[in-house]
Amino acid sequence: MLVLQGTQLKDEILKLKKEKDIVILAHNYQIPDVQDVADFVGDSLGLSRQAAKVENKTIVFCGVHFMAETAAIISPNKKVLIPDLDAGCSLSDSITLEDLKKWKKEHPGAISVGYVNTTAEIKSELDYCCTSSNAVNVVKAIPENKDILFLPDMFLGSYVAKMTGRKNMYIWAGECHVHAGIKSEDVQKKLDQLSDAEFMVHPECGCTTSVLYDVASGDYNNRQVQILSTEGMMNYAHNSKAKQFVVATETGILYRMRKQNPEKNFIPASEKAECQYMKMINLDKVYSSLIEDKYEVKVPKPIADKARLAIDRMLSIS
Ligand code: 13P
Ligand code: SF4
């Protein structure tokens, strides 16, 4: 069997996707090689929008399983492939369908808002879906007098509650092990060493709550602190005049940041912030996916039809 490597493998992937009319979507946390062969690299919201927009009949989704499921739900006439079926997500695993049904029963009449990092089954039970870039606006769109069940990320939930001033929001105690692991101590150490650096934080981070508190109490003095989704970080990095940034999220995003802003310096808040699920996808698996049409992500129609309502609401709010 012919074993392809490096540039040859990349070239073969680029050739195959053209021949087979396949589009490759990759999340900002994918390894550099995978980002290089993708047609679009972006955050959860951006990739969902691309999945709906592209005309290709097949999408190879280089990200984690819930993202490929979301693409399959909003594009029921397209074939969605994921190069590794085991690419899961600790955050989406933090709530089960039974948990959600029980929680909803305990709060009759409440509106359920779920982060896009959830399974299709969970989405089918939600009123609204949201991503880190539009969570605040989704909650703002819900009448003040309605109780809200927000799930599954507690740090994003607390951030949204703080930003909207909402008092009637119940928050599920789930977390992403990668972002929860970025602690205030890690961040403080880096910031102390870099007095000129601006600071970008993903709202899933364990340090988000204390960062908000510190910003409110003036602890960051004049330092610019931004709480942003991964694509929000990309845009901010590009538009800011600063030359140095401490970045609190999964380290995969640094490749694209450095590539697009070669004159700027990006420092991870924690070098350990790596998502092993995102890193399961590599060029060999992308190649197999293109050659063998694997692994197709299918969502049963009754679940997809219900989940699509919540996802469509997410896509309509920016
Ligand atoms: P965004 O790219 O939407 O900011 O989400 C980050 C994330 O953790 C995806 O798993
Ligand atoms: Fe899930 Fe966290 Fe990995 Fe994102 S970084 S895919 S939330 S485990």
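One-based numbering, in listed order, for ligands and for the atoms of each. Because only heavy atoms are used, hydrogens play no part in the values below, and waters and symmetry mates are left out as well, while side chains stay in.
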Which protein heavy atom lies closest to atom 10 (O) of ligand 1, and at what distance to 0.1 Å? N117 ND2, 3.3 Å

Are V23 and F40 close enough, and set up right, to give a side-chain contact (heavy atoms from CB on, under 4.5 Å), and what steps lead you there? CA-CA 8 Å; V23 67; F40 300 97; 4.1 Å; yes

Are H27 and ligand 1 in contact, using a heavy-atom cut-off of under 4.0 Å? yes

Between Q35 and N28, is there a donor-acceptor pair closer than 3.5 Å when you use the side chain of the first and the backbone of the second? yes

Main-chain N/O of L290 paired to K20 side chain as donor or acceptor, under 3.5 Å: yes

Identify, by atom number and element, the atoms of ligand 2 in contact range of E204, meaning under 4.0 Å from any of its heavy atoms. 7 (S)

Nearest protein heavy-atom contact for atom 1 (Fe) of ligand 2: which residue, which atom, what distance? C89 SG, 2.4 Å

In ligand 1, the atoms that come under 4.0 Å of a heavy atom of Y115 are 5 (O)

E106, CD atom: more than 12 neighbouring heavy atoms under 6.0 Å: yes

Donor-acceptor under 3.5 Å (E263 side chain, K243 main chain): no

Using a 4.0 Å cut-off to any heavy atom of N117, which atoms of ligand 2 qualify? 7 (S)

The protein heavy atom nearest to atom 3 (O) of ligand 1 is S44 OG, 2.8 Å

Protein heavy-atom partner closest to atom 9 (C) of ligand 1 - residue, atom, separation in Å: M67 CE, 3.6 Å

Please check if the side chain of R313 supplies one atom and the backbone of D127 the other of a donor-acceptor pair under 3.5 Å. yes

Below 3.5 Å, N or O to N or O, backbone or side chain included: is there any such pair between H202 and ligand 1? yes

H107-Y170 aromatic ring centre distance below 6.0 Å: yes

H27 near ligand 2 by a heavy-atom separation under 4.0 Å: no

Between C275 and atom 3 (Fe) of ligand 2, is there a contact where an N/O/S atom of the residue lies under 2.8 Å from the metal? yes

Which protein heavy atom lies closest to atom 8 (O) of ligand 1, and at what distance to 0.1 Å? E204 OE2, 3.1 Å

Looking at S289 and K294, would you say the former's side chain and the latter's main chain have a donor-acceptor pair under 3.5 Å? yes

Find all atoms of ligand 2 within a distance of less than 4.0 Å from any non-hydrogen atom belonging to S90, and give their numbers and elements. 8 (S)

Does C176 reach ligand 1, in the sense of a heavy atom lying below 4.0 Å from it? no

Any chance NZ of K298 has more than 12 other-residue heavy atoms, nucleotides or ligands included, within less than 6.0 Å? no

Just by modelled atom types, is the I182 backbone N or O under 3.5 Å from a matching donor or acceptor in the D186 side chain? no

Considering heavy atoms of the protein only, find what lies nearest to atom 2 (Fe) of ligand 2 and give residue, atom and distance to 0.1 Å. C176 SG, 2.3 Å

